[in-house]
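In this text, all values refer to a predicted model and were calculated from it rather than measured experimentally. Numbers here are sequence positions counted from 1. Ligands are counted one by one from 1 in listed order, and the atoms in each one are counted from 1 as well.
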Amino acid sequence: MTAVRVPGTPLIEDGRLVSTSPATGAEAGRLPVATEADVRAAVERARTAADWWAGLGFAGRRDRLLRWRGVLARRMEELADLVHTEGGKPVGDAVVEILTALEHIDWAARNARRVLGPRRVRSRLILAEFTAHLEYQPYGVVGVIGPWNYPVFTPIGSAAYALAAGNAVVFKPSEYTPAVGQWLVDRFAEVVPEQPVLQAVHGLGDVGAALCRSGVAKLAFTGSTATAKKVMAACAETLTPVLLEAGGKDAMIVDSDADLDAAAEACVWGALTNAGQTCIGIERVYAVDQVFDAFVDKVVTKAGRLTVGPDGADIGPITMPSQVDVIRRHIDDAVAAGGRPVLGGPEAVQPPYVHPTVLVDVPEDSAAVREETFGPTLTVNRVRDVDEGVERANALSYGLGGSVFGRKRAVAVARRLRSGMAAVNSTLTFAGMSTLPFGGVGDSGFGRIHGEDGLREFGRAKSITRRRARSLLPSMTFERTPADVARLVKAAKLMYGRGR
Ligand code: NDP
């Protein structure tokens with residue numbers, strides 16, 4: 001198929017997936033499209049690789065993963081340039097993304113044994129004659145499906161943890177960023193040349209669907225809520241467990257005692273970095289009445305200074321050309337419903353760019369407040385107090401991250417946000433904290449990547465009991481006598497019968 005090239009829109013030519021820069025249309029990558037049979041074959045190869053990789057043990061895998069981290073770190077400028085070319089992301093944003101991914105590889109590699117390795121756990125008085133042992137064994141082959149907006153950070157957030165846990169990974173990058181995905185896989189193969197422990201399969205959504213049905217033992221998906229539902233339905237056919245990292249509509253709450261300069265700085269970054277194409281990006285702000293005007297002024301001043309353009313600008317192009325229509329609709333709807341642009345507005349949409357847009361007094365039922373915009377836009381609404389802010393923030397079915405600025409009540413407010421994560425007096429910072437789990441609630445998905453929970457996602461708990469002494473009070477045997485049973489009743493009443 002030869003098609004008219006819309007810069008940034010992937011196309012298939014002679015069985016190859018061609019990705020292009022959304023800014024210039026320059027070709028960024030050309031990768032073979034996998035058929036369903038290719039996907040199955042990759043998973044078959046991965047099974048053998050998984051056995052070999054698991055056999056390396058925690059120390060062997062740690063060594064290889066740290067070497068992979070080292071290669072990526074040493075070549076990070078090259079990777080940042082590729083991320084920039086293929087997705088349009090400013091190089092500075094790409095560097096921050098890669099740095100965060102490096103930290104996750106490092107932490108997962110160094111902590112897998114401690115979190116997942118075999119260990120004794122306490123026995124209780126009942127069954128005190130047995131010791132208890134726990135370990136987390138790898139699933140085997142894990143499928144990873146990734147989005148385009150953070151083509152390094154998001155797949156590594158799943159894959160590095162899955163690999164550290166002893167699994168092989170078959171990875172389907174987004175059709176918008178296949179070259180970045182393949183680059184990561186190729187660098188891994190340099191440090192693990194023996195077996196295809198990390199492979200990529202390329203193509204459109206049907207390749208992702210094929211991966212769900214390919215016999216992988218677990219599927220880690222990052223992408224939109226709509227696709228997450230399809231992935232879960234496909235995986236349900238074979239009871240394949242899923243981890244779903246889906247969309248968000250994160251809110252920031254600004255309390256009356258907030259440092260407004262810091263709040264505005266973090267808000268502008270959290271909302272507009274990567275042109276707002278961030279799952280945990282701030283898309284809505286609820287500022288309390290007393291500070292609303294001053295806060296909006298500061299946000300407008302800071303956001304108004306940002307540059308927009310192809311190279312060296314703060315804000316790059318919209319990666320997925322079709323998203324421009326969504327952004328335009330949200331801005332137009334908000335204005336038609338009485339929202340006021342205090343920066344940007346309908347004229348800010350100049351494909352493939354959207355200039356920073358700040359809308360105030362936007363009705364809560366408008367698309368700009370309720371749906372994921374994924375553009376450099378922000379709604380800021382006035383609330384009576386933080387309680388009203390929390391109520392509005394929690395009114396949506398999404399629940400990924402969030403942010404609170406303030407002093408006295410900020411942590412308490414952060415706890416009340418219906419979300420998997422929250423940042424107090426910053427935005428997005430939990431994503432880079434490798435010790436903290438990352439994931440959402442409701443329409444934002446379930447399961448966790450990163451941190452100890454992120455490692456455990458990729459291991460099956462294996463529990464073993466071992467006899468260490470004769471049973472004084474035999475219960476789990478037909479050899480027990482009526483007297484034993486009577487003693488068991490007595491013991492049960494003694495141990496559990498007191499109190500309520
Ligand atoms: P999509 O849901 O469109 O795509 C995600 C991945 O799924 C892509 O690789 C896509 O392939 C693949 N896919 C498409 N159809 C199917 C299918 N039927 N079965 C299996 N896989 C399929 O999301 P985007 O790529 O547009 O990414 C943006 C979304 O990701 C936003 O909603 C954002 O909030 C979310 N996101 C969530 C994060 C989180 O951690 N919670 C982090 C980053 C992003 P193809 O590209 O070829 O269509």
Please determine, by modelled atom types, if Glu457 and Tyr139 share a side-chain donor-acceptor pair under 3.5 angstrom.
no
Could you list the donor-acceptor pairs under 3.5 angstrom formed between side-chain atoms of residues 427-441 and any protein atom two or more places apart in sequence or on another chain?
| residue | atom | partner | partner atom | Å |
| --- | --- | --- | --- | --- |
| Thr427 | OG1 | Ala266 | O | 2.9 |
| Thr429 | OG1 | Ser426 | OG | 2.7 |
| Ser434 | OG | Glu103 | OE2 | 2.4 |

Determine, step by step, whether Glu13 and Arg16 satisfy the salt bridge (charged side-chain N to carboxylate O under 4.0 Å, His left out) criterion, reporting the C-alpha distance in whole Å, the side-chain angles of both residues, the deciding distance to 0.1 Å, and the verdict.
CA-CA 5 Å; Glu13 262 179 12; Arg16 308 243 146 191; over 6 Å; no
Sub-3.5 Å donor-acceptor pair from the side chain of Arg30 to the main-chain atoms of Leu17, do we have one?
no
Establish, yes or no, whether the cationic atom of Lys89 lies under 6.0 Å from the six-membered ring centre of Tyr150 and within 45° of the ring axis.
yes
Find all protein N or O atoms under 3.5 angstrom from an N or O atom of ligand 1 and list the pairs with distances, or write 'none'.
| residue | atom | partner | partner atom | Å |
| --- | --- | --- | --- | --- |
| ligand 1 | 2 (O) | Ser224 | N | 2.8 |
| ligand 1 | 2 (O) | Ser224 | OG | 2.6 |
| ligand 1 | 2 (O) | Thr227 | OG1 | 2.7 |
| ligand 1 | 9 (O) | Gly146 | O | 2.8 |
| ligand 1 | 9 (O) | Lys172 | NZ | 3.2 |
| ligand 1 | 11 (O) | Lys172 | NZ | 2.9 |
| ligand 1 | 19 (N) | Ala209 | N | 3.3 |
| ligand 1 | 23 (O) | Ser224 | N | 3.3 |
| ligand 1 | 25 (O) | Trp148 | NE1 | 3.2 |
| ligand 1 | 26 (O) | Trp148 | NE1 | 2.9 |
| ligand 1 | 30 (O) | Gly223 | O | 3.4 |
| ligand 1 | 32 (O) | Glu372 | OE1 | 2.6 |
| ligand 1 | 34 (O) | Glu372 | OE2 | 2.5 |
| ligand 1 | 41 (N) | Ala246 | N | 3.4 |
| ligand 1 | 41 (N) | Ala246 | O | 2.7 |
| ligand 1 | 46 (O) | Ser174 | OG | 3.2 |
| ligand 1 | 46 (O) | Glu175 | N | 3.0 |
| ligand 1 | 46 (O) | Glu175 | OE1 | 3.4 |
| ligand 1 | 47 (O) | Lys172 | NZ | 3.0 |
| ligand 1 | 47 (O) | Glu175 | N | 3.4 |
| ligand 1 | 47 (O) | Glu175 | OE1 | 2.3 |
| ligand 1 | 47 (O) | Gly203 | O | 3.3 |
| ligand 1 | 47 (O) | Gly205 | N | 3.4 |
| ligand 1 | 48 (O) | Glu175 | OE1 | 2.7 |

Quick one: which of Leu417, Val383, Val285 gives a side-chain contact (heavy atoms from CB on, under 4.5 Å) with Ile253?
Leu417
